[in-house]
Amino acid sequence: MGNFLETSPRPFNDKTKLPAFGGLTGKKLGLAISIVSTTGFLLFGYDQGLMSGIITAPEFNAAIPETKDNSTIQGFVTAIYEVGCLAGAIFILCMGDMMGRRFSIMLGAIVMILGTVIQVCTFYTKGSGALTQFVLGRIITGVGNGMNTSSIPTYQAECSKTKNRGLLICIEGGTIAFGTLISYWLNFGVSYTNSDVVWRFPIAFQVLFALIIILGMTFLPESPRWLLSKDRDIEGTYVIAALQAQSIDAEETTTEKRIILDSMAASTTGKTRFKDLLTNGKTQHFRRMLLGASSQLMQQVGGCNAVIYYFPILFEKSIGESRRMSLIMGGVNMIVYSAFATVSWFIIEKAGRRKLFLWGTVGQMVSMFITFACLIPGTPSAAKGAAAGLFMYIASFGATWLPLPWLYPAEINPLRTRGKANAVSTITNWLFNFLIVMITPIMIDRIGWGTYLFFGAMNACFLPIIYFFYPETKMRSLEEIDFIFAKGFTEHKSYVTAAKQLPMMAGNGAAIEQMMIQYGFAEPMPPESSVEVPLGVGTSAVDTKFE
């Protein structure tokens, strides 16, 4: 595995003579990274909506009889995927920093293909254990997805520029909706085949996305921040230069490298340990980990997957529509979901993270209260109001809470703990994802409209947490975010206030370096003539030889 993990320098671009990967440099290289990363979340969304149109299909129930008219088994078969995702996220927590972002993503896609093959090859014969085989495939597919969702946001954040990092990760999060949209309408289309194609083809189709990820990552670079954290100085410098479309000895390259090294050195020393996640001080590792993880927890207990996974079932059980009409309405709901998922792309760097979190929470809360109130009478006309509430919910969620919990942990955590802390956030997501997906059909069966009252109350609880504890990070470099917590800690003030008071540096390398010195993250540079500074220790020296 050691040779495979190497990120040896690629040839220079023939036209520009600049460092390049797959012949790409600068914006084109950044676009390629975004396309592959986005495909990973498209696959995530596709898998998220996949079971909604399959779990009650007669053809699927015939292949796996235990799922027929059994809400508990239906919930288990759907939710067991989250157990695999949880295991994949835990694997990245333990091994991700060693393997690197690039290899973790490729391995995750390979594991997803393996799990897909196991599911598609499930056939029922008496005593065959078809349920066991299908569940095993679901778990393995989930492991691969858990690895990808733990690694891709970190990879994208560490390869992006400050001005478009939020947009790019929001696009990633938004494509979850488009993946779900594809799965809903594909399920509807194959429902007319009246054969095993109803469920085998939609499951097999996800292999296409996984192959794009594997082939794409073959030509893309490793994260420069990860390379520098592993003392792979030459390779890290090379990637920084390629991403910025600069030569390896350009001032922009050396400044960016020096800032990363200083930030890394200030965060902690030596190899990152699990107990580093529990430290505070100027770096506030523990607080920052909790902020990222709490956003993932709130996303799940806010009720999103009760709507996404089970929308057709909600229409059948709660509103009384036919299965065919429920599938159609589910598809329409996903069109609304996808349309509103693009809203954050245009406002994320203008409105900021805090406002979108707050607006989205209010929208979700009101939507759930409308749904529960309209279900109480139990009449067809009132049920239409409940349907409107569900549409309003998915619109609010798609525009805000869908992408934000993938963006916030990736940027709020410092370089040293980012990989592990982001994995903790993803573990939190899948843990509560499993809980909600498992209990939702049971809640609908047992307490009916009380299900929506519960989720509305949960959203109401989020508002004070976000208002008092979530600092704004829009238009901040990853290194600037370190200053927010250093300022709050040293000046004994709220971190929300510290974020408001910290001057915007707009990627100004000199200003960032000066702030690092102010907060003790770096030492003032001595006169160049008076001391020989070793390479790679917070200096601008760059080895320009590539053997």
Side-chain angles (χ1 to χ4, degrees), residues 43 45-82 84 112-142 145 179-210 305 307-334 437-438 440-442 444-445:
L43 174 54
Y46 181 86
D47 236 333
Q48 194 174 42
L50 181 63
M51 291 303 294
S52 64
I54 290 176
I55 195 68
T56 58
E59 296 81 5
F60 180 75
N61 296 150
I64 305 177
E66 295 90 340
T67 61
K68 183 176 176 61
D69 298 326
N70 189 324
S71 61
T72 302
I73 295 297
Q74 289 176 2
F76 173 75
V77 171
T78 304
I80 199 66
Y81 173 74
E82 273 67 44
M112 289 194 78
I113 292 176
L114 175 61
T116 299
V117 171
I118 293 173
Q119 290 176 75
V120 172
C121 293
T122 300
F123 292 92
Y124 175 74
T125 56
K126 190 172 182 179
S128 65
L131 176 62
T132 302
Q133 179 179 337
F134 190 82
V135 166
L136 178 63
R138 288 279 290 167
I139 293 173
I140 292 175
T141 305
N145 189 54
T180 309
L181 173 68
I182 293 170
S183 67
Y184 262 72
W185 283 107
L186 185 62
N187 279 335
F188 177 72
V190 298
S191 68
Y192 287 95
T193 64
N194 298 317
S195 68
D196 274 4
V197 173
V198 166
W199 65 276
R200 293 191 196 276
F201 180 74
I203 292 174
F205 189 73
Q206 61 192 307
V207 170
L208 174 64
F209 302 122
N305 282 316
V307 178
I308 295 169
Y309 275 76
Y310 296 114
F311 194 90
I313 296 177
L314 297 180
F315 259 68
E316 281 188 70
K317 302 288 186 180
S318 298
I319 300 178
E321 294 287 353
S322 67
R323 170 174 163 75
R324 186 75 65 189
M325 181 55 67
S326 295
L327 286 174
I328 293 174
M329 294 307 295
V332 172
N333 192 43
M334 289 305 103
V437 173
M438 184 69 196
T440 294
I442 301 171
I444 293 172
D445 191 43

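Summarising the geometry of I118 relative to T122, their closest heavy-atom pair is O-OG1, 3.3 Å, with the distance given to 0.1 Å. Scanning both residues, V77 and M51, for their nearest heavy atoms gives CG1-CE, 4.0 Å. Here the closest non-hydrogen pair linking T78 and R138 is O-NH2, 2.8 Å. Taking every heavy atom of both residues into account, P202 and V197 meet most closely at CD-O, 3.3 Å. Summarising the geometry of T141 relative to M112, their closest heavy-atom pair is O-CG, 3.5 Å, with the distance given to 0.1 Å. What you find for A63 and W199 is that their closest heavy atoms are CB-CZ2, 3.7 Å.
Rounded to the nearest 0.5 angstrom, I182 CD1 and Q206 CD are separated by 12.0 Å. Distance check: T67 OG1 to L131 CG gives 8.0 Å after rounding to the nearest 0.5 Å. For the atom pair CD1 (I80) and CD1 (I139), the distance works out to 4.5 Å, reported to the nearest 0.5 Å. Atom CD1 of I64 is separated from atom CG of N70 by 13.0 Å, given to the nearest 0.5 angstrom. Here the CD1 atom belonging to I73 is positioned 14.5 Å from the NZ atom belonging to K68, to the nearest 0.5 angstrom. Between atom CD1 of residue I328 and atom OG of residue S191 there is a gap of 8.5 Å, rounded to the nearest 0.5 Å.
Using a 4.5 Å heavy-atom cutoff, the side chains of F134 and V120 are not in contact. Contact check for Y46 versus L186: side-chain heavy atoms found under the 4.5 Å cut-off. Contact annotation: the side chain of I54 never approaches that of V198 to less than 4.5 Å [non-hydrogen atoms, C-beta and beyond]. Residues F76 and V135 form a side-chain contact, since some pair of their non-hydrogen atoms from C-beta on lies under 4.5 Å apart. Looking at heavy atoms from C-beta onward, Q133 lies in side-chain contact with C121 at the 4.5 angstrom threshold.
Every residue meeting the side-chain contact (heavy atoms from CB on, under 4.5 Å) condition with V207, not counting sequence neighbours, appears here in chain and number order: I113, T116, L211. Judged as a ring pair (Phe, Tyr, Trp, His ring centres under 6.0 Å), and not counting sequence neighbours, the contacts of F188 are W185, Y192.
Side-chain N or O atoms of D47 include none that pairs as donor or acceptor with a backbone N or O of L43 at under 3.5 Å.
A donor-acceptor pair shorter than 3.5 Å cannot be found between the side chains of S195 and E59. A donor-acceptor contact under 3.5 angstrom links the side chains of Y81 and N145, judged on distance only.
Using cut-offs of 30° and 60° on the angle between ring planes, the pair F205 and F209 is perpendicular.
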